[in-house]
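Predicted model only: the values in this text are computed from it and were never measured. Letters A, B, ... mirror the listed sequences (proteins, then strands); counts begin at 1.
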Number of protein chains: 2
Amino acid sequence: MAKDGKTAARGKRERLVSAAVALAYRQGFARTTLADIAAESGVPLGNVYYYFKTREDIGAAVLDYRKDQFAQARERFAALPSPKERLKAFVDMTVGNADNVAQKGCPMGTLCAELLKMPDAFAEGAGALLTVPMAWMAEQFVELGYDSEASDLALKLQTGLQGASMMTLSARDPALLVREGERLKGWIEGL
Amino acid sequence: MAKDGKTAARGKRERLVSAAVALAYRQGFARTTLADIAAESGVPLGNVYYYFKTREDIGAAVLDYRKDQFAQARERFAALPSPKERLKAFVDMTVGNADNVAQKGCPMGTLCAELLKMPDAFAEGAGALLTVPMAWMAEQFVELGYDSEASDLALKLQTGLQGASMMTLSARDPALLVREGERLKGWIEGL
DNA sequence: GTCTATACGGCGATAGAC
DNA sequence: GTCTATCGCCGTATAGAC
């Protein structure tokens, strides 16, 4: 199956993006070279340019990957019966990554912070990594009947998760994020 | 006054560090070159190496500068009569920087996150940028009589500030940090 | 589509005159 | 202590054979 070039090409492109995402998360995008990405994905350096015209394009692909990651999670959460369960599932998703967060920070938050310090064209849209999930949270709170306060509550939840992620990273202690996650889930449950 | 070399040297060194700190805050340390720092401080490139053996040493100086910045704030806060006022002064310090935070994030938090992704030797001690202030907060809460919960309360405060800073950056809206700061000060006041 | 070889520029770092 | 000139490496990007 799928012996055609397009499929092979897509597979390689995906491997390149995966490698770039992993490396950008581990060591920051700025410090990630094309040689790093080529090595990690097993693609020869020169071939990278068949899939991406410039390094900047790879950065854009990394950003898109992370955005898509939330979009997919959002679809999974949509299957859950209540807004509270959906919100708690989001918290669980973050908490489930606690070990990584303690070493490399929140995948969305750290990428967002890094890209927003880059020249305008490149940074464009990086803020969405955190604001789009927050807007989704607000929708859930609306569904819970908190019309006027929905965006405040969403801000509070996303702030709590991001703050906890930052402190988890600085203290290098996953338990911290786990604990804050439990607290936030309790808060959601009690609303 | 101060015609001797040592003083001139110290002045130049300080200008170099100031430039490095500003550039690392604005565009990240990874993307900051020695040429950038030399240009911004008005020191010729070759002369930079009289003050710093390696680029890594400049990174260490930037980290030290930020650590010292808190140490100095801590001394100022010590003059305030009550723990609550000291804690609120800390919040005010962060909120007072809201316009910068909206563009470049928390000076401590973003540097901490960036350095902690670097090789071990370099990252060593970057976590202190957030954990040392948190430990100071805990001392204030102890003084308020919250012995057993002091570190939880400190974590909550620092988490709130860092989370608010991250969301302020991603939304590029200073008002967000101002609002969260007011909320946190109200919480402190009511303890 | 794939991969090797290489051009080109920029960056960290050094040499050495002043 | 100060500064110019420059070296060598590495990173992005391209040329061109297969």
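In this structure, L45(A) atom CG and dC3(C) atom P are separated by 12 Å, rounded to whole Å. The distance between atom CD of E56(A) and atom C1' of dT12(D), rounded to the nearest whole Å, is 12 Å. Between F122(B) atom CZ and dG12(C) atom P the separation is 12 Å, expressed in whole Å. Between the CG atom of N47(A) and the P atom of dT14(D) there is a distance of 15 Å, given to the nearest Å. A straight line from CG of D57(A) to P of dT12(D) spans 13 Å, rounded to a whole angstrom. In this structure, OH of Y50(A) is placed 3 Å from P of dG1(C), rounded to the nearest angstrom. Atom P of nucleotide dT2(C) and atom CZ of F52(A) are separated by 13 Å, given to the nearest angstrom. The CG atom of L34(A) sits 13 Å away from the C1' atom of dT14(D) (whole-angstrom rounding).
Here the nucleotide nearest the side chain of T33(A), chosen from dT2(C), dG12(C), dT12(D), is dT12(D). The side chain of R55(B) lies closest to dG12(C) when the candidates are dG12(C), dT2(C), dC3(D). Nearest to the side-chain atoms of K12(A) among the listed nucleotides dT2(C), dT14(C), dT14(D) stands dT2(C).
Residue D68(B) places its CG atom among more than 12 non-hydrogen atoms of other residues, nucleotides or ligands, all under 6.0 Å distant.
Salt-bridge check for K185(B) with E85(B): failed, with every basic side-chain N at 4.0 Å or more from each acidic carboxylate O.
Relative to the six-membered ring of F29(B), R31(A) misses at least one condition, a distance below 6.0 Å or an angle of at most 45° to the axis. Annotation: cation-pi geometry satisfied between R66(B) and Y25(B) (NZ/CZ under 6.0 angstrom from ring centroid, within 45° of ring axis).
Residue Y51(A) has a polar side-chain atom (N or O) positioned under 4.0 Å from OP1 or OP2 of dT2(C).
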